[in-house]
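This structure is a prediction, so every number in the text was calculated from the model and none was measured. Indexing begins at 1, ligand by ligand and atom by atom, following the structure's order.
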Amino acid sequence: MQCIVLASPDDLSAEAARLIAEEIATHDQILLGLAGGSTPRMTYTKLADDSIDWTGVTTWMTDERWVPRDDPDSNQAMVRTALGTDGRIRFLAPNTRLKSPLAAASRMTRAMRCLMDRRPNRRVTTLGLGNNGHTASLFPGTEALTETDAAFLANWVPQLDAWRLTASFALLAESDVVFFLVAGESKAEMVARIAAGEDHPASRVTAKERVLWILDEPAASLL
Ligand code: 6PG
């Protein structure tokens, strides 16, 4: 497990923003997958404040809750607010106004396949980690873990009694680089278990070049 450890969530966000900005600055065309949840918010805010040229960047939501796009739980609402995508940055997210999660997932699959077919595209993806080892909305024991073809999936999560929309392992594996952004003591045990080689959804994520875990000290405290 390749990881870097930063002193605080703010330092983690600054380093993640620096690494992402470096990728954008060194590639003409880039597909940037954005993690949901709360950890990446500060990274997106720092990216928004940077003088980045977003012309060649297309961002996409790696997972979404099945809620209205303006719902407080919506990942795309968090991205729109923190990164300020509207009108400035191309941002592709599941359409949760469609008639069903399945319809939204198949539309997102088609859109991602179309994006992925364009060359050259540098593909950088950010992800988070749940205490139970989930990443994106690939939760332990759910059907999405066994899907091998589709790019984007509707995933019923019994633990949440809710539908989620998520990138599949197959789509994530098309990334050149994956950055896991993980902060807080509550994640330390799962980080250590993944580092020890245990099988969890997050540990199944692969990338063509590297998977880098960007941790703060509390999250790395059991390594
Ligand atoms: C989501 C996320 C999920 C998240 C982890 C960590 O929709 O919740 O995509 O995979 O990254 O649950 O969430 P925090 O960053 O809030 O701890």
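- Atom 5 (C) of ligand 1 has its closest protein heavy atom at His134 NE2, 3.5 Å.
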query: Are Phe180 and Ile214 close enough, and set up right, to give a side-chain contact (heavy atoms from CB on, under 4.5 Å), and what steps lead you there?
result: CA-CA 6 Å; Phe180 274 98; Ile214 307 173; over 6 Å; no

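- Counting only non-hydrogen atoms, the option in Thr39, Asp63, Leu34 that gets closest to atom 15 (O) of ligand 1 is Thr39.
- In this structure, Thr142 and His134 have side chains that are not in contact, with every pair of non-hydrogen atoms separated by 4.5 Å or more.
- The structure places CD1 of Ile4 at 11.5 Å from CG of Asp216, a figure rounded to the nearest 0.5 Å.
- There is a side-chain donor-acceptor pair under 3.5 Å between Asp53 and Thr55.
- Residue contact check: Asn75 has heavy atoms under 4.0 Å from atoms 1 (C), 7 (O) of ligand 1.
- Listed by number with element, the atoms of ligand 1 under 4.0 Å from a non-hydrogen atom of Leu129 are 5 (C), 6 (C).
- In the candidate list Glu64, Arg65, Met61, Arg65 is nearest to atom 8 (O) of ligand 1, counting heavy atoms.
- Aromatic ring pairs are classed by plane angle as parallel below 30°, tilted from 30° to 60° and perpendicular above 60°; the pair Phe152 and Trp60 is perpendicular.
- Taking every heavy atom of Ser38 and a limit of under 4.0 angstrom, the matching atoms of ligand 1 come to 14 (P), 15 (O), 16 (O).
- For ligand 1, one of its N or O atoms has an N or O atom of Lys187 under 3.5 Å away.
- Across the listed options Gly128, Ala136, Gly184, Ala183, Ala136 owns the non-hydrogen atom lying nearest to atom 10 (O) of ligand 1.
- Of the residues listed (Leu83, Leu34, Thr58, Leu32), the one engaging Phe91 in a side chain to side chain contact (heavy atoms under 4.5 Å, CB included) is Leu34, and it is the only one.
- Side-chain contact check for Asn155 and Thr166: no donor-acceptor pair (N or O, by modelled atom type) lies under 3.5 Å.
- Gly37 CA, 4.0 Å is the protein heavy atom nearest to atom 13 (O) of ligand 1.
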